Amino acid sequence: MSETHENAPLKHLALIMDGNGRWAKARGLPRTKGHEKGADTIRDITVYCANHPQIESVTYYAFSTENWKRPKLEVEFLMKLLDRYLQSELETYMHHNVRFMAIGNIEVFSKALQKRIDETQQKTQHNTALTQILALNYGGRAEILYAVNRLIANGKQEISEEALSKALQTPYSDIDLLIRTSGEERISNFLLWQISYAELFFTPTTWPDFTAKELDEIITQYKTRQRRFGGI
Ligand code: IPE
Ligand code: IPE
Ligand code: MG
């Protein structure tokens with residue numbers, strides 16, 4: 001496992017899980033199979049992160065505010081998969097001391113799914129090795145607007161960077177390292193506020209094929225980067 005580099009702390013890792021559909025298509029399988037395999041990848045990466053000495057939280061982009069544009073059947077499948085995933089993951093969370101949290105507007109999800117999310121958050125709330133955050137019906141712009149409106153509603157006249165950072169849903173808000181799989185090199189409305197000084201990595205590997213080994217290699221490269229934060 002990689003050593004800490006003074007220059008490159010690694011408290012918060014963010015992952016844009018992309019390429020499930022292409023992984024399936026390349027194998028002549030329905031897109032849903034790619035999503036299923038992708039859920040296994042989340043488990044492997046979370047276990048790696050829970051055992052990593054520096055990583056305190058990992059945020060995965062699971063469903064964007066734009067993903068509602070997909071065919072109804074695919075959206076429904078993703079919702080069912082999420083429910084199944086949380087049900088089966090509880091054991092992993094407890095075994096590896098992982099706290100689960102959701103960000104994004106989950107109020108539009110079915111009552112049953114909201115209940116599953118709430119219960120998983122409650123049952124894992126005292127776990128301390130890692131916080132695993134799933135971004136669900138999440139958009140970076142929506143998150144910022146929601147926080148600003150909440151501050152205004154609470155009577156804030158002038159909003160500081162610190163106040164806004166705290167009002168966001170995402171805990172430990174600054175991202176150190178953002179990785180996107182599948183070769184696309186864009187942000188797609190993910191964590192816009194929190195990535196202002198993140199180091200970005202893009203890998204051609206599709207999400208279902210992404211492994212803890214590849215993540216470890218990326219972290220090794222990340223440690224060699226000079227993060228200057230505007231200094232010299
Ligand atoms: C990422 O894989 C999963 C979600 C966005 C839910 P995609 O489903 O976007 O896979 P591609 O990009 O079509 O291959
Ligand atoms: C980004 O992937 C959203 C998630 C990973 C949940 P998309 O596949 O939806 O992004 P675009 O449409 O290619 O930008
Ligand atoms: Mg995609």
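Order of appearance sets the numbers: ligands from 1, and atoms from 1 within every ligand. Values in this document were obtained by computation on a predicted structure and should not be read as measured data.
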request  = Please state whether the rings of W68 and F63 are parallel, tilted or perpendicular, taking 30° and 60° as the class boundaries.
outcome  =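 Aromatic pair W68/F63 classed perpendicular.
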Is it the case that [X] and [Y] place a side-chain donor and acceptor less than 3.5 Å from each other?
X    : Y    : answer
T211 : Y48  : no
E214 : T205 : yes
T59  : H12  : yes
S57  : R99  : no
T170 : Q194 : yes
N97  : T128 : yes

Between [X] and [Y], is there a side-chain N and carboxylate O pair less than 4.0 Å apart?
X    : Y    : answer
R43  : D40  : yes
R22  : E184 : yes
E119 : K115 : yes

Can you hop from W207 to V58 via hydrophobic side chains spaced under 4.5 Å?
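Hydrophobic grouping puts W207 with V58.
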Look up atom 12 (O) of ligand 2 and tell me if a protein heavy atom lies less than 4.0 Å from it?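 There is no protein heavy atom less than 4.0 Å from atom 12 (O) of ligand 2.
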Could you establish whether R180 and ligand 2 come within less than 4.0 Å of each other, counting only heavy atoms on the residue side?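 Checking ligand 2 against R180, which is what was asked, there is a heavy-atom contact under 4.0 Å.
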Which atom of D18 is nearest the Mg ion (ligand 3), counting N, O or S only? It is OD1
What's the shortest distance from [atom] to any protein heavy atom, and which residue and atom give it?
atom                    : result
atom 1 (C) of ligand 1  : M17 O, 2.9 Å
atom 10 (O) of ligand 1 : G21 N, 2.9 Å
atom 2 (O) of ligand 1  : N20 N, 3.2 Å
atom 14 (O) of ligand 2 : S188 OG, 2.6 Å

CG of L90 to CZ of R116, rounded to nearest 0.5 Å, is 9.0 Å
key: Nearest-option assignment for atom 6 (C) of ligand 2, heavy atoms, candidates W207, Y61, Y138   =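 Ranked by closest heavy atom to atom 6 (C) of ligand 2, first place is Y61.
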I'd like to know if [X] contacts ligand 1, where contact means a heavy-atom distance under 4.0 Å to any ligand atom.
X    : value
K25  : no
R31  : yes
S182 : no
A62  : yes

Under 3.5 Å between any N/O of [X] and any N/O of ligand 2: does that happen in this structure?
X    : result
D18  : yes
R186 : yes
R70  : yes

One finds that the ligand 1 atoms under 4.0 Å from a non-hydrogen atom of N67 are 5 (C)
Practice prompt. May I ask you to list the atoms of ligand 1 that are less than 4.0 angstrom from any heavy atom of H35?
Written response: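 Listed by number with element, the hits are 3 (C), 8 (O).
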- Message: With respect to F63, determine whether any N or O atom, backbone or side chain, lies less than 3.5 Å from an N or O atom of ligand 1.
- Response: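 No, since none of the N or O atoms of F63 sits under 3.5 Å from an N or O of ligand 1.
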Quick look: T206 vs ligand 1, heavy-atom contacts under 4.0 Å, and the answer is neither
Report whether any nitrogen, oxygen or sulfur of E184 sits less than 2.8 Å from the Mg ion (ligand 3) (N, O or S, backbone or side chain).
no
